[in-house]
Amino acid sequence: MSHPPYVIDELISAKSIAARIETLAREIHDRFADTDKLVVVGLLRGSFVFIADLVRELDLPVEVDFLEASSYGDGMESSREVRILKDLRGEIGGRDVLVVEDIVDTGFTLSHVLHLLESRSPARIETIALLDKPTRREVDIKATWTGFDIPDEFVVGYGIDYAQRNRNLPYIGKVRFT
Ligand code: IMP
Ligand code: MG
């Protein structure tokens with residue numbers, strides 16, 4: 001699949017992301033301070049950088065697990081049909097769960113994943129999304145914590161891809177076709 005030429009304009013710097021994660025980690029710590037049963041669940045692949053930075057700011061006993069749900073394929077539009085490509089390795093029944101997502105866009109992915117995980121009877125589930133595009137929402141859902149609200153732009157970097165590229169950028173940038 002070939003893509004038209006584009007450039008990436010910085011939207012959120014690496015420094016701002018790090019500062020925001022420190023604040024979020026304090027709030028998450030306060031919410032889960034009473035537990036030794038926390039499982040942090042990263043949604044692959046877009047959350048891998050965020051979860052790595054987030055758990056290193058969390059001074060709590062945590063386990064880390066991953067789940068992969070399909071959404072965009074290689075395009076720029078949500079498929080609205082969410083499939084589980086890779087399930088958790090561990091059990092979450094009776095556990096406290098923090099689901100870590102890169103972006104909440106239409107909301108289909110997060111709501112589907114939450115329904116699935118809730119059916120396994122965790123003690124509680126909270127959610128954190130690095131980015132939120134509130135104007136794009138089609139399913140009524142909001143993460144417990146959000147890093148940054150962003151406009152309706154296609155973004156890459158800090159784990160997030162366009163056609164599998166640009167995940168390694170240390171900042172969040174928006175794609176601009178040239
Ligand atoms: P939703 O199901 O529409 O909420 O889509 C959520 C998923 O779509 C996210 O986990 C991302 O993987 C992907 N996504 C949404 N917006 C963007 C974007 O701007 N750039 C790259 N991926 C995106
Ligand atoms: Mg995703």
Side-chain angles (χ1 to χ4, degrees), residues 1-24 40-57 64-89 98-117 127-178:
M1 199 177 182
S2 86
H3 299 274
Y6 62 91
V7 295
I8 296 166
D9 300 322
E10 184 175 288
L11 188 65
I12 308 170
S13 70
K15 236 177 144 171
S16 322
I17 297 169
R20 183 73 184 119
I21 288 176
E22 271 187 40
T23 307
L24 292 166
V40 181
V41 170
L43 302 193
L44 293 171
R45 282 168 269 179
S47 74
F48 82 102
V49 176
F50 182 36
I51 194 174
D53 282 347
L54 184 65
V55 294
R56 283 180 293 176
E57 290 294 329
V64 175
D65 206 340
F66 292 96
L67 187 131
E68 184 169 15
S70 70
S71 52
Y72 271 45
D74 271 356
M76 283 184 138
E77 268 301 313
S78 169
S79 58
R80 288 170 182 75
E81 198 187 281
V82 184
R83 285 177 305 134
I84 301 301
L85 301 178
K86 191 206 307 260
D87 206 338
L88 299 176
R89 289 291 298 273
L98 175 65
V99 177
V100 181
E101 174 63 311
D102 55 355
I103 310 181
V104 184
D105 185 43
T106 62
F108 280 102
T109 306
L110 190 59
S111 87
H112 183 93
V113 166
L114 276 180
H115 282 120
L116 173 73
L117 298 184
T127 51
I128 181 166
L130 178 66
L131 304 176
D132 190 346
K133 298 181 189 171
T135 61
R136 296 260 310 160
R137 199 72 88 254
E138 294 178 28
V139 179
D140 185 21
I141 190 166
K142 177 121 188 90
T144 318
W145 295 280
T146 297
F148 303 89
D149 280 352
I150 60 168
D152 181 10
E153 300 274 4
F154 198 83
V155 296
V156 293
Y158 199 73
I160 299 163
D161 73 301
Y162 172 40
Q164 300 308 326
R165 300 289 177 86
N166 306 300
R167 293 189 195 275
N168 55 326
L169 289 176
Y171 55 87
I172 301 283
K174 54 184 179 189
V175 170
R176 178 163 55 86
F177 292 100
T178 54

[X]: side-chain contact (heavy atoms from CB on, under 4.5 Å) partners, not counting sequence neighbours:
X	value
Phe66	Leu44, Ile51, Val64
Pro134	Asp132, Asp149
Arg89	Asp65
Asp152	Thr135, Arg136

Which residues share a side-chain hydrogen bond (donor to acceptor under 3.5 Å, both in side chains) with [X], sequence neighbours left out:
X	result
Asn166	Tyr6
Ser13	Ser16
Glu138	Arg80
Ser111	none

If every non-hydrogen atom of [X] is compared with every non-hydrogen atom of [Y], which pair is closest and at what distance?
X	Y	answer
Ile141	Arg137	O-NE, 2.9 Å
Ala69	Thr109	CB-CG2, 4.2 Å
Ala14	Pro170	CB-O, 3.4 Å

Quiz item: Is there any salt bridge (charged side-chain N to carboxylate O under 4.0 Å, His left out) pair reaching into residues 107-117, and which pairs are they, with sequence neighbours excluded?
Solution: none
Quiz item: Asp102 versus Phe50: any side-chain heavy-atom pair under 4.5 Å?
Solution: no
Quiz item: Any side-chain heavy atom of Val104 sitting closer than 4.5 Å to one from Thr127?
Solution: no
Would you tabulate the side-chain donor-acceptor contacts of residues 171-178 under 3.5 Å, counting partners in other chains and residues two or more places apart, or write 'none'?
residue	atom	partner	partner atom	Å
Arg176	NE	Asp9	OD2	2.7
Arg176	NH2	Asp9	OD1	3.2
Thr178	OG1	Pro5	O	3.4

Quiz prompt | For Glu68, all residues meeting salt bridge (Lys or Arg N to Asp or Glu O under 4.0 Å), sequence neighbours excluded | solution =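 Here the qualifying residues are Arg45.
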Self-check item: side chain to side chain contact (heavy atoms under 4.5 Å, CB included) partner of Tyr158, the single match among Asn168, Asp53, Leu169, Leu131
Solution: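 Single side chain to side chain contact (heavy atoms under 4.5 Å, CB included) partner of Tyr158 among Asn168, Asp53, Leu169, Leu131: Asp53.
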